[in-house]
Amino acid sequence: MGAWGIGPFDNDTALDFTDALDEAAEHEREGLVRAALVRTVQAWNYLESPEGTEAVAAAALIAAQCPGGEPISTSYGPDQALPVFAADLRPLAVEALDHVVAEASELAELWDETPSGPTWRQSVRGLRAVLDPEPEPQDALFEL
């Protein structure tokens, strides 16, 4: 799998993805992130590991800009500045992450074969929670 940790950037494929982001012109970076998510969402029958890995990295970049998101502090993340991502990338990232952890995902299968599988799944759920937080319960204005 070429991974040295469970983090979104702790593998060879994500490192290649962040290198591509760094090499792209600043105005092209959001398009690369969007394309990674779209490829994942459009993998109808089976999601291959490289596409899933890129989607997790892309989702982590978007989550880093959300309230409650963790900044990208690893040296394996992009070095160049990223744009403020469009709000419509959040639901796309959520959908992509749902594909990544689904039954028809090679990346999920590979992680499930390791002792770190549950921890990896928990980290993906954490990204998803930042991208699509549960609404705060509201006090009722009127009692029925």
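Computed from a prediction, not measured in an experiment: that's the story for all the values here.
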(message) Using side-chain contact (heavy atoms from CB on, under 4.5 Å), reason through Thr13 and Ser49 one step at a time and then give a plain yes or no.
(response) CA-CA 9 Å; Thr13 303; Ser49 178; over 6 Å; no

For the pair Leu47 and Leu107, evaluate side-chain contact (heavy atoms from CB on, under 4.5 Å) and give the outcome as yes or no after the intermediate values. CA-CA 8 Å; Leu47 178 63; Leu107 185 59; over 6 Å; no

Rounded to the nearest 0.5 angstrom, the CG-CG distance for Leu21 and Leu61 is 6.5 Å

Shortest non-hydrogen pair, Val130 vs Pro67, comes out as CG1-O, 4.0 Å

Output for pair (Glu103 CD, Tyr46 OH), nearest 0.5 Å, gives 10.5 Å

Show which side-chain atoms of residues 89-96 pair as donor or acceptor with protein atoms under 3.5 Å away, not counting sequence neighbours.
none

Query raised in the report: Around Gln80, counting heavy atoms of other residues, nucleotides and ligands shown, do more than 12 lie under 6.0 Å from its CD?
Result: yes

CZ of Arg121 to CG of Asp112, rounded to nearest 0.5 Å, is 4.0 Å

Problem - Backbone of Phe85 reached by a side-chain donor or acceptor of Gln65 within 3.5 Å - result: yes

Return the orientation label for the Trp120 and Trp111 ring planes: parallel under 30°, perpendicular over 60°, tilted otherwise. parallel

Chi angles and distances behind the side-chain contact (heavy atoms from CB on, under 4.5 Å) call for Phe17, Thr53: CA-CA 9 Å; Phe17 178 66; Thr53 300; over 6 Å; no

Test side-chain contact (heavy atoms from CB on, under 4.5 Å) on Arg125 and Gln122; report intermediate values, then the result.
CA-CA 5 Å; Arg125 280 192 303 273; Gln122 182 179 356; 3.7 Å; yes

Here the gap from Ser123 atom OG to Ile6 atom CD1, rounded to the nearest 0.5 Å, amounts to 4.5 Å

To the nearest 0.5 Å, atom CG of Asp98 lies from atom OG of Ser105 at 11.5 Å

Residues pairing under side-chain hydrogen bond (donor to acceptor under 3.5 Å, both in side chains) where one sits in residues 17-33, two or more places apart or in two chains, turn out to be Glu30-Arg34

Nearest heavy-atom contact between Ala14 and Pro8 is CB-O, 3.2 Å

